[in-house]
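Everything below concerns the one structure shown next.
Everything numeric here is computed off the predicted structure, so don't read it as measured data. As the structure lists them, so they are numbered: ligands from 1, and atoms in each ligand from 1.
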Amino acid sequence: MDGTPTFESPTSAEPARSGLGVEALQRDIVDNLICLQARYPEIATPHDWYMALAYAVRDRMMTRRVATTHTYVARDAKVACYLSAEFLIGPQLGNNLINLGIENNAREALQALGLDLDELLSIEEEPGLGNGGLGRLAACYLDSLSTLEIPAIGYGIRYEFGIFDQEIRDGWQVEVTDKWLQKGNPWEILRPDVAFYVGFGGRTESTTDDEGRFRVRWIPAYTVKGVACDTPIPGFHVNTCNSLRLWKSEAVESFDLQDFNAGDYYEAVHEKVQSETLSKVLYPNDEPEAGKRLRLAQQYFFVSCSLQDMLRLLALKGEPIDRLPDMFTAQLNDTHPSIAVAELMRILVDERQVPWDDAWDITRRTLSYTNHTLLPEALETWGLPLFQGLLPRLIEIIYEINRRFLDDVRQRYPGDDARIARMSLIDESGAKRVRMAHLATVGSHAVNGVAALHSKLLEETVLRDFAELWPERFHNVTNGVTPRRFMMLSNPGLAKLLDDGLGEGWATDLSRLRELAEYADDAAFQARWRSVKQANKQILAAKIQSATGVVVDPAALFDIQVKRIHEYKRQHLNALYIVTQYMRLRREPQLPLAPRCFVFGGKAAPGYAMAKLIIRLINGIAEVVNDDPAINGRLKVVFFPDFNVKNAHFIYPAADLSEQISTAGKEASGTGNMKFMMNGALTIGTLDGANIEIREEVGDENFFLFGLSADEVERVKREGYRPAEYANANRKLREVLELIGSGHFSRGDREMFRPLVDNLLHHDPFLVLADYAAYVARQEDVSLAWRDVPRWTRMSILNTAYAGKFSSDRAIREYCEQIWNIRPVKISLERRS
Ligand code: 26Q
């Protein structure tokens, strides 16, 4: 031998690429390392091994993926299409292993190769293709759709740069570009053959066709190509493997020949660059200046590609166009895809020559709309000039929809001009704007909110006139989250305890968690429960130390608030409480206070100055409190940088207390609240969003409720809210605000937090000061309960026990029955000849 290394893969009786046994996995991982990564084991990096494993797992999904599509076509199955500008799917490897049921085999196969699965899992870059709740909800729903064996496709955008990475420098948030594709993405499958063209700009022309009918032709100024990029979504322990189809924008031709011939080489290159810009970057929410032309172009781009794809699949099934609503249902995830109403009309009327009334019937029966916000500043509208310039044919169609719609309203409410103005798809109170929520509502057969309170308020406020006109169209579907990712994958200790206590099967029938209630007072079970929580807290403590340098005691109460930073979510109310406790301890150093560790996490929109200042305040408090010898470790404050799905995996399981303290009526639902509850955290919260239903399920005695109700908030505001009066009447509160204003938490700089303190004293739009006293009082009850270990443990167990309602499986079943009229289709892997 000349010393050239040779590699022998382990042999196995199992087929290559699909065998689920240890030997087959081990063999295919090594094969992939060599054939796909072009590396031999001795020099392979952990990332090479991660890729080799990921491809081995992907291969195993492909048999399922192919069988799934084949069965849907053969069985004429109706398909649910979830249209969303965001899918925050999180790291894929661990979840796919769990859903395929091969986690243990993969671990063993890697061990035999001298590798550690957990190390490889930690290498994966997550696709941050979403801002927060709405994007993560879409991902949980995809998991449930596959698990429940519902034919489904997720449609969205393949952003090259997802939500920015957050770093903390000098206490401030710094945004760093998210280069998630840098090292390649093993999960996606590019489908150059599935591509559609989307026009922008230009002008329209009306003509008469051969049969004398009125026709409109749109001559776009430029066209962009959308190419499908698929990610497989396997269900849990079933053969179903649906697809997330994300559109990537490309130039129609790499060089426009005409321009090139005309000598305008640079103009041709410029167009190519412009086309590719379309799917470049995800927009953060809460940007004050959201009127970005590129954002509207993104929305139209992915909606048009998705609708064209649905019509292609319809034709593939051999169905005529009027069967669209019987074969497909499309859910609009907020108004971001609501241009679908006009685009489907355009395709049907202009391109397929369907008469308007028939087209309208097809459109309305196909589409339904989920609202995720009541905040007026978050309701999407587009200035008319921008809209008209970018989508000239679509604005004409919107005007025609509006004309017909307002005629109906006039007939129903003769002479009620104020109502016409309120309901119009065009807001004409100032410079004209297109109201996307109205467009979505008018063009859908069903509209829903995402928690009971939110759906009620939606019908009473934002969409009141519409709910009065069409009460039967309005629904509530309370959000849910997937227990596979947020319990099994991220809290294996808890999953083991539940398997032992309840037997397997709880993760697909989460109401079975109720059986835990029997053990809530069992001392032996309580001890096991606490040791799981303790181990999770140790893991988080280690992560905190390596990310921030702060040392925290895993025995302390872990009090956690993780979510986007926003004034309505009131992270600053939490901060005011910490300062209150700090001042108390400084004054009475001997106070017997149980140690608490306050953990915050979340990103602020880059242009949202107040949110960024709140992050700075939390870090300023941390700097002072953590090292104060008088505090002696009894208070620790941590801002955990870059909260994302990956970090969420070790944060939720480590929580003792979940902070859900938004101003009542402002948080549509919340979904983090559910993830905390499932993992045995107790909630301190307001009567807002899904908190109300969480409290209903777990019982008032196991929930720390405080604060004004949504009705009370409205009343206080109506009667003229003067926050300074609350500060004047409450010495503690006044001193807290003074200390913050004094520069104590800003290294002597009295100016830094002035905008925040002034805002609280003189505007306080989210009633932080009005709820302060109630919040502090309730936190005292938390401290009391924490001291009684068996009591706290019982409450913790009961929180998990009554979390069953908040499985995304329950939510998806409700969509299927109430809105989509769609049923499961079993997938078999046996090949039919
Ligand atoms: C809109 C226009 C231009 C640029 C960005 C946006 C934009 C992007 C994302 C607006 C909003 C979002 C995201 C909203 C969101 O996450 N809402 C949350 O949805 C959750 C799921 O229903 C709820 O639980 C939360 O209460 C709600 O805040």
Below 4.0 angstrom, N of the basic side chain to O of the carboxylate: do Arg464 and Glu459 qualify? no

Are Phe466 and Phe474 an aromatic pair, judged by ring center distance below 6.0 Å? no

Classify the ring geometry between Phe486 and Tyr652 as parallel (under 30°), tilted (30 to 60°) or perpendicular (over 60°). perpendicular

So which bit of Asn131 gets within less than 4.0 Å of ligand 1, heavy atoms only: side chain, backbone, both or neither? side chain

Counting heavy atoms only, which part of His372 comes closer than 4.0 Å to ligand 1: side chain, backbone, both or neither? both

Which option, His566, Glu86, Gln298, owns the non-hydrogen atom nearest atom 9 (C) of ligand 1? Glu86

Which segment of Lys292 sits under 4.0 Å of ligand 1 when only heavy atoms are counted: neither

Centre of Phe164's six-membered ring, under 6.0 Å away, within 45 degrees of the axis: is that where NZ or CZ of Lys603 sits? yes

Close approach of Gly689 to ligand 1, heavy atoms, under 4.0 angstrom: no

I need the atoms of ligand 1 closer than 4.0 Å to a non-hydrogen atom of Ala668, numbered in the order shown. 26 (O)

Trp382 to ligand 1, any heavy atom closer than 4.0 Å: no

Are any of the N/O atoms on Ser669, whether in the backbone or the side chain, positioned under 3.5 angstrom from an N/O atom of ligand 1? yes

Using a 3.5 Å cut-off on N or O atoms only, is Glu380 in polar contact with ligand 1? no

Compute the shortest N/O to N/O distance between His336 and ligand 1 and return yes if it is under 3.5 Å, no if not. no

Kindly give the heavy-atom pair with the smallest separation between Ala85 and His336, and that separation in Å. CB-CB, 3.9 Å

Sort out for me which residue in Leu457, Thr441, Leu379 forms a side chain to side chain contact (heavy atoms under 4.5 Å, CB included) with Val462. Leu379

Side-chain donor/acceptor of Asn479 to backbone N/O of Thr671, under 3.5 Å: no

With only distance considered, is Leu137 within less than 3.5 Å of ligand 1 through an N or O on each side? no

Compute the shortest N/O to N/O distance between Gly132 and ligand 1 and return yes if it is under 3.5 Å, no if not. no

Do any nitrogen or oxygen atoms of Val450 come within less than 3.5 Å of a nitrogen or oxygen of ligand 1? no

Counting only N and O atoms by type, is there a donor-acceptor contact under 3.5 Å from the side chain of Arg346 to the main-chain atoms of Leu394? no

What residues, two or more places apart in sequence or in another chain, satisfy salt bridge (charged side-chain N to carboxylate O under 4.0 Å, His left out) together with Glu126? none

Heavy-atom contact check, 4.0 Å cutoff: does Thr373 meet ligand 1? no

Numbered atoms and elements of ligand 1 in range of Tyr568, under 4.0 angstrom, heavy atoms: 28 (O)

Only heavy atoms count here, so choose which of Ala85, Gly133, Gly670, Ala605 is nearest to atom 24 (O) of ligand 1. Gly670

Taking Thr381 for its side chain and Arg433 for its backbone only, find out whether a donor-acceptor pair lies under 3.5 Å. no

